[in-house]
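Chain naming here is simple, since letters A, B, ... match the order of the sequence lines and numbering starts at 1 in each. Values in this document were obtained by computation on a predicted structure and should not be read as measured data.
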Amino acid sequence: MSTPPPADGDLPGLATSALLRNTRESALKTPGIRWDEADVMSSIDTRKMNMFQSIRDAMSTTLSEDDTAVIFGEDVAFGGVFRCTMGLAEEFGKERVFNTPLTEQGIAGFGIGLAAMGQTAIAEMQFADYIWPAFDQIVNEAAKMRYRSGGQYSAGRLTIRAPSMTVGHGALYHSQSPEGFFMGAAGLKIVVPRGPIQAKGLLLASIRDPNPVIFFEPKILYRSSVEHVPIPSYTLPLSSAEILKPGSDLTILTWGTPLYTMSAGARIELIDLRTILPWDRETVVQSVKKTGRLVIVHEAGKIGGVGSEIASVVTEECFLRLEAPVRRVCGWDAPVPLIYEKFYVPDAVRILDAIVSTLHYLIPSQEFGVVHV
Amino acid sequence: MGLVSVARIASRSARLTRTVVARGLQTTADTTSLHGRAPEDKSEPFTLTLHEDSFHAHRMDAPSLDVEVTKDMLIGLYRDMTTMRRMEMAADALYKAKLIRGFCHLAIGQEAVSVGIESAIAPEDKLITAYRCHPFAVLRGGSIKGVLAELLGRQAGMSNGKGGSMHMFTPTFFGGNGIVGAQVPVGAGIAFAQKYLSKGTTTFALYGDGASNQGQVFEAFNMAKLWDLPVIFVCENNKYGMGTSAERSSSNTEYFKRGDLIPGLQVNAMDIIAAHQAAKFARQWTLDGKGPLLLEFVTYRYGGHSMSDPGTTYRTRDEIQRMRSTQDPIKGLQKYLEDWGVTTEEELKRIDKQAKAEVDQAVAEAKASPEPELKDLWTDIYYKGTEPSYMRGREREEARSFLPTH
Ligand SMILES: Cc1ncc(C[n+]2csc(CCOP(=O)(O)OP(=O)(O)O)c2C)c(N)n1
Ligand SMILES: [Mg+2]
């Protein structure tokens with residue numbers, strides 16, 4: 001019997017990914033970057049950071065500029081499991097960066113109360129997998145508060161950060177990608193960064209956004225993605241997808257970790273959705289109208305995943321331009337399994353399969369009486 | 001007069017003068033005393049007396065300090081605790097060898113909790129806990145091989161290698177659980193069924209000092225008291241929830257008093273004899289139809305929270321060392337066995353050796369077990385025969401191989 005290919009494909013890996021900006025010059029050219037201070041570009045310095053450091057940097061900015069801002073969650077005063085809040089309690093005081101008990105529903109509700117009082121509340125869920133106890137507070141309270149109070153109150157100043165996606169061996173309770181479960185919660189925003197530069201800009205934008213935001217951080221990227229991150233504060237736009245590589249024949253849409261599974265292929269347009277809710281329909285629809293083909297990749301299971309929503313919108317908007325059905329490459333519709341985790345995650349082979357069969361899609365000729373060359 | 005009884009008299013008089021401040025529970029592992037001699041016959045019961053600060057009671061009378069045991073039972077406790085510690089040490093080594101991946105939480109230092117409960121509960125009673133679950137999984141009918149193979153993700157694992165750490169079950173053990181606190185209301189449901197079906201059995205629902213702050217724990221308390229369920233809530237207070245000490249997570253660290261109308265008992269769970277007595281008493285309490293009971297087992301975790309936590313950043317090495325050297329439950333029992341002439345040093349050594357051999361063999365067998373078959377990715381999601389007719393990945397369109405074909 002022949003051996004199967006490596007489950008994570010034969011890609012060069014994250015460290016050398018062309019998606020990461022490894023020089024000051026390229027970092028400053030990050031599309032859509034909006035500097036807080038209209039400094040002359042020449043004076044802006046960058047520093048090499050991984051993603052947990054850039055997330056810390058963003059929170060440090062918030063704590064410095066906004067006296068009402070507080071950060072709380074399980075063990076955040078000690079730096080948190082993934083070190084994102086390291087040193088913040090020492091720097092800004094224990095009354096602003098503090099540990100909560102183990103109480104996710106409480107953390108979310110507490111954050112909503114703080115936000116409703118006009119404070120900037122940054123809550124951490126230790127893992128996205130533990131967001132479920134807080135689901136009710138997030139979906140029923142945070143998302144609906146503005147609406148049900150006729151605009152008098154809102155949880156707009158609440159940002160919930162949570163590490164998500166797989167790590168290779170996190171299994172059932174440490175590798176989930178819950179973003180799809182929040183898709184129906186109008187009033188909420190969901191953001192997923194792909195690396196250090198994006199994380200800093202998108203997190204600052206999320207914190208300042210006047211709506212409650214869940215910021216899912218792909219945990220495998222915390223250490224492995226490294227970029228030259230601009231030191232001054234800046235934001236990147238929410239609800240704006242980014243075309244990472246323009247192409248003519250097929251659009252690949254994804255976010256977070258799977259972006260690094262894509263090898264650069266000619267004529268393929270690669271889009272990072274970045275904000276999952278409300279998502280950037282315009283960019284995606286424009287792209288598919290141009291390429292005629294769409295493959296959506298995400299780690300969460302297919303059924304009811306974010307891809308389902310996007311695929312149906314694209315079908316509605318681009319029907320006559322589509323050369324092939326929209327394909328989704330996702331986790332299997334099973335719990336994230338310990339031993340098959342690498343198999344569970346969309347890998348290069350499955351993505352390539354989807355690309356090839358989408359490019360080569362032929363309408364079944366007999367059924368339609370159409371003859372293809 | 002031995003030191004212990006001097007201390008007892010001294011503390012008794014201290015109590016007379018102290019009215020406001022309650023004296024702390026003591027957590028020594030070796031202050032249970034024997035009056036007279038242990039009988040020759042290893043199966044003949046005799047009585048031990050616990051240190052008077054072994055229990056603190058809330059809304060109830062504490063159990064008797066006199067504990068009936070046999071030599072056989074004491075030796076059995078020693079064997080179980082030693083074997084469980086060996087198993088955890090083996091898991092530690094397998095993790096460090098990168099054979100176990102992901103998450104792994106060890107209960108080294110807390111052996112008197114699992115072994116103490118198991119020594120007092122009936123085989124058909126039920127137990128549910130969170131992720132510090134390996135000893136329970138073995139004691140409740142599993143095997144060391146099953147635990148280690150599960151951690152390794154192998155077919156011989158207790159969940160066939162599909163769950164890994166935290167995911168272990170037996171017919172009387174409703175598992176570890178990775179979602180902290182979630183197991184407690186489940187425990188109340190199990191107890192309701194026992195009552196409804198007039199089983200005459202009870203449920204132990206365990207959670208940690210950190211988990212005690214989850215809302216659903218309190219929800220479970222209320223249901224259990226409201227419906228007088230035969231459930232024993234056991235707060236395994238090892239002083240820390242990850243890096244947060246009990247004082248920093250809980251406004252009330254007297255966990256045995258947190259059940260509102262549910263009576264509570266705080267127990268020195270570094271002394272296996274006290275842990276046994278408390279579990280036995282609690283079981284009887286619920287079977288007598290008195291409703292739920294809250295036990296707080298005061299214990300200590302020697303290692304870090306999980307394998308990635310050295311466990312030394314939020315507590316001093318000194319503290320750990322002190323607990324290990326002065327309050328270790330296994331050393332405490334060992335001292336009893338020697339002092340009371342229950343067994344000889346040689347016999348203890350033999351038991352230690354046996355435990356090591358048993359665990360070594362389990363390690364070898366677990367390592368030899370194959371990984372689950374790929375088809376098992378899709379089993380156990382729905383009940384066999386009721387699956388949707390099509391599940392993704394079973395067909396070519398997504399699981400196609402790009403290998404050059406045959
Ligand atoms: C709902 C949920 N939140 C957070 C976690 C992460 N977590 C796992 S164990 C733990 C600490 C639990 O402490 P405690 O209940 O005292 O148990 P111990 O580890 O001391 O046995 C935390 C925060 C989790 N598993 N589930
Ligand atoms: Mg604890």
Non-hydrogen side-chain atoms of [X] and [Y] separated by less than 4.5 Å:
X: Glu341(A); Y: Arg101(B); value: no
X: Asn177(B); Y: Tyr173(A); value: yes
X: Thr244(B); Y: Phe78(A); value: yes
X: Ile381(B); Y: Pro335(A); value: yes

Tell me, side chain or backbone of Val81(A) under 4.5 Å from chain B's heavy atoms, or both, or neither? side chain
Chain B contact via Phe127(A) - which portion, at a heavy-atom distance below 4.5 Å: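 Contact with chain B: side chain only.
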For [X], is it the side chain, the backbone, both or neither that has a heavy atom under 4.5 Å from a heavy atom of chain A?
X: Leu374(B); result: both
X: Arg248(B); result: side chain
X: Asp376(B); result: both

Select, from Gly243(B), Ala182(B), Gly153(B), the one with the greatest count of heavy-atom pairs under 4.5 Å involving chain A.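 Greatest number of close heavy-atom pairs with chain A: Gly243(B).
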Keeping Tyr340(A) on the side-chain end and Glu373(B) on the backbone end, is there a donor-acceptor pair under 3.5 Å? yes
Taking every non-hydrogen atom, the tightest pair across Ala171(A) and Gly163(B): CB-O, 4.0 Å
Closest non-hydrogen atoms of Gly161(B) and Leu338(A), given as atom of the first, atom of the second and distance, are O-CD2, 4.3 Å
When rounded to the nearest 0.5 angstrom, what is the spacing between [atom1] in [X] and [atom2] in [Y]?
X: Ser249(B); Y: Asn99(A); atom1: OG; atom2: CG; value: 9.5 Å
X: Ile339(A); Y: Arg154(B); atom1: CD1; atom2: CZ; value: 7.0 Å
X: Asp75(A); Y: His305(B); atom1: CG; atom2: NE2; value: 9.0 Å
X: Met166(B); Y: His174(A); atom1: CE; atom2: NE2; value: 5.0 Å

Does the side chain of Gln214(B) come under 3.5 Å of the side chain of Glu104(A) through a donor N or O and an acceptor N or O? yes
Side-chain donor-acceptor pair under 3.5 Å between Thr103(A) and Asn213(B), yes or no?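 Distance-only check fails for Thr103(A) and Asn213(B).
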Would you say Lys239(B) has more than 12 foreign heavy atoms packed within less than 6.0 Å of its NZ? yes
More than 12 non-hydrogen atoms from neighbouring residues, nucleotides or ligands closer than 6.0 Å to CZ on Phe181(A), yes or no? no
Which residue out of Gln105(A), Gln126(A), Glu74(A) racks up the most heavy-atom pairs below 4.5 Å with chain B? Gln126(A)
